[in-house]
Amino acid sequence: MGRLAKNEKPIKIAIVVSHPIQYFVPFYRKLSDHPELHLKVFYGARVGLNKYEDKDFGVEFAWSMDLLEGYDSEFLSGSEKVTDTRFFSVKHRDIDTHLEDFNPHAVVIYGYSQLLSIKTLYWCYRKSIPVLMSSDSELLQHRAWYKKAVKRLLLPLLFSKVSGFLVVGDNNESYYRYYGVNSAKLFRCPFTIDEDSFQRARCNRVQIRKRWRAENRISEDVFVVLFAGKFTQKKRPNDLLEAIDVVSNNRPVCAVFAGDGPLMQEMKKQAGQLKKNSCRFLGFVNIDKLPEVYVSADAMAVPSGKEPYGLVTCEAVAVGLPLIVSNKVGSVGPTDTVRAEENAIVYPCGDVRALADAIVRLAESPPLWQSMGRKSLQIADELGMSASIRGFVKAVKSAFVE
């Protein structure tokens, strides 16, 4: 199927998702501007729209962006009563009615972790409407044998009802292939971020960096390693704290922690015992301020023990930061956002000594740091919003033809 003829109507796409997610909104806006698509997003919950307390961040906050502006959306009946996004919480018996009224040509669902997605898939199967699936699932994490056995039995059957898969990266592709999905059904559609905000910050890096570092009492000669995320055990922010303690004995380095969570107080106490003032805790940083933090750093560390993808890596490459990531981060791959020894140093998860060595390696080699930064910018261009739109449209057309 080529471009739609002038007398053809746009392809009607329904996206069914649990709740408004800040990372997806810029993507929806761009899709809504596409001349060949008529997009409508159906939400099962209002979580994230108003001020709320995130159980992992441990703080009450509201996102500093309008999550509903710039695209057509509709909340399913009873969405105001849904307070979490667990499997049985987001179910909505009336999804059939909403979809019937919209009458889509194709439907997009996000994985199978909510009953809403399963119900949508079943409705589409009954109506012979193609379904596209997006997820960040991977095979990096340890899973109990019985869970693997159940998935090995059920997922090939589930996936056989899906017309195409919007894969976000190399590990995601491997996951689907493992469960029997044919490569012809895989369409690369990288995760997106608010590119415009990060590009503006990148263009004003010198001024922002000078001001931000002065405000946070960090001199220009200090090598800053950024951690951005939730302070939880699976994110392992304490690994960076321990590594920076080792490195700071001999070098001007600083770890900047943007985020909050259960480990915050423990880490602050630990940082207070360090020999040097080599840490800054920013607390929760809203999305409108994050680009300034990124461009003021020299590298980003993602020490997570469980990270299906790691959208912070997309944000880091958008401003040209080299990365130091554990081998449990899902965005590591030869054609993905994080490429070992190209724009990143990948180390064994939990190996603090290896993490410290990676920091030293970047801090002591400006040519390596600069070349990895340039590579990050190249990757950002390669896997940016335009690539996501192309992959999405290609998947839609392929499913629509079928």
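From Leu166, atom CG reaches atom OG of Ser135 across 9.5 Å, with rounding to the nearest 0.5 Å. In this structure, CG in Asp94 is found 9.5 Å from CG in Leu99, a value given to the nearest 0.5 Å. Once rounded to the nearest 0.5 Å, the distance linking CG of Leu67 with CD1 of Ile21 reads 10.0 Å. A distance of 8.5 Å separates CG of Leu311 from CD of Gln22, quoted to the nearest 0.5 Å. Residue His142 holds its NE2 atom at 9.5 Å from NZ of Lys147, rounded to the nearest 0.5 Å. How far CD1 of Ile95 is from OG of Ser77: 9.5 Å, rounded to the nearest 0.5 Å.
The minimum heavy-atom distance between Leu157 and Lys161, with the atom names listed, is O-CG, 3.6 Å. The two atoms that bring Glu242 and Gln270 nearest to each other are CG-NE2, 3.6 Å, heavy atoms only. Taking each heavy atom of Val162 and Val131 in turn, the nearest pair found is CG1-O, 3.4 Å. A pairwise comparison of heavy atoms in Asp170 and Pro334 identifies OD2-N, 3.0 Å as the closest pair. Listed here is the closest heavy atom pair of Leu116 and Gly44: CD2-CA, 4.2 Å. Smallest separation of non-hydrogen atoms from Val312 and Ala228: CG1-O, 3.4 Å.
Other residues, nucleotides and ligands contribute over 12 non-hydrogen atoms within 6.0 Å of the OH atom of Tyr23. Around the NZ atom of Lys12, the shell of radius 6.0 Å holds more than 12 heavy atoms that belong to other residues, nucleotides or ligands. Within a 6.0 Å sphere centred on NZ of Lys30, other residues, nucleotides and ligands contribute 12 heavy atoms or fewer. Annotation for Glu342: atom CD counts as buried by contact number, over 12 foreign heavy atoms lying within 6.0 Å. Residue Arg86 qualifies as open at atom CZ: its count of foreign heavy atoms under 6.0 Å is 12 or below.
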Query raised in the report: Please walk me through it: do Arg361 and Leu368 pass side-chain contact (heavy atoms from CB on, under 4.5 Å)?
Result: CA-CA 8 Å; Arg361 187 177 164 202; Leu368 176 65; 3.6 Å; yes
Query raised in the report: Should Lys127 and Glu100 be marked as a side-chain contact (heavy atoms from CB on, under 4.5 Å) after you check the CA-CA gap, both sets of side-chain angles, and the distance that decides it?
Result: CA-CA 10 Å; Lys127 298 291 183 178; Glu100 290 275 7; 2.8 Å; yes
Query raised in the report: So Val82 and Arg46, side-chain contact (heavy atoms from CB on, under 4.5 Å) or not? Walk me through it.
Result: CA-CA 7 Å; Val82 181; Arg46 295 177 178 270; over 6 Å; no
Requested in this report: Please report the C-alpha distance between Phe75 and Leu68 in whole Å, then the side-chain angles of each, then the deciding distance to 0.1 Å, and finally whether the side-chain contact (heavy atoms from CB on, under 4.5 Å) criterion is met.
Outcome: CA-CA 11 Å; Phe75 285 91; Leu68 302 179; 3.9 Å; yes
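Note on ring orientation: taking the six-membered ring where Trp is involved, the planes of Trp369 and Phe223 are perpendicular (angle over 60°, cut-offs 30° and 60°). Using a 30° and 60° split on the angle between ring planes, Phe27 and Phe392 fall in the perpendicular class, above 60°.
Formation of a donor-acceptor pair under 3.5 Å by the Asp239 side chain with backbone atoms of Val352 is not found in this model. The backbone N or O of Arg213 sits nowhere less than 3.5 Å from a side-chain atom of Ser296 that would complete a donor-acceptor pair. Checked by atom type and distance alone, the side chain of Glu292 never pairs as donor or acceptor with a backbone atom of Trp212 at under 3.5 Å. A donor-acceptor contact shorter than 3.5 Å is absent between the side chain of Asn327 and the backbone of Pro348. Without hydrogens or angle criteria, Ser398 side chain to Lys394 main chain gives no donor-acceptor distance under 3.5 Å. With hydrogens and angles ignored, the 3.5 Å screen pairs a side-chain donor or acceptor of Arg280 with a backbone N or O of Arg217. Judged by distance alone, the side chain of Ser278 and the main-chain N or O of Val253 form no donor-acceptor pair under 3.5 Å. With Asn171 contributing its side chain and Gly333 its backbone, the two residues share no donor-acceptor pair below 3.5 Å. Within the 3.5 Å criterion, the main-chain N or O of Gly350 finds no donor-acceptor partner in the side chain of Lys328. Without hydrogens or angle criteria, Asn172 side chain to Ser137 main chain gives a donor-acceptor distance under 3.5 Å.
Under a 4.0 Å N-O distance rule, the pair Asp221/Arg251 does not qualify as a salt bridge. Ionic pairing of Asp33 and Arg29 is not present here: no N-O contact between side-chain nitrogen and carboxylate oxygen is shorter than 4.0 angstrom. The residues Arg209 and Glu220 are annotated as salt-bridged, a charged nitrogen and a carboxylate oxygen being separated by less than 4.0 angstrom.
For the side chain to side chain donor-acceptor pair (under 3.5 Å) test, residues two or more places apart in sequence or in another chain that qualify with Glu382 are Arg339. Taking the side chain to side chain donor-acceptor pair (under 3.5 Å) definition, one finds that Tyr112 meets it with Tyr175, sequence neighbours left out.
Each of Tyr176, Tyr110, Phe187 was compared with Phe165 under the ring-ring contact (aromatic ring centres under 6.0 Å, His included) criterion, and only Tyr176 meets it. Results of the side-chain hydrogen bond (donor to acceptor under 3.5 Å, both in side chains) test with Glu307 over Lys234, Lys235, Gln141, Arg236 single out Lys235 as the only residue that passes.
Stacking of Arg205 on the aromatic ring of Tyr294 is not recorded, the 6.0 Å distance cut-off and the 45° axial limit not both being met. Annotation: cation-pi geometry not satisfied between Lys151 and Tyr179 (NZ/CZ under 6.0 angstrom from ring centroid, within 45° of ring axis).
Side-chain atoms of Thr313 and Ser331 form a donor-acceptor pair, as typed in the model, at a separation below 3.5 Å.
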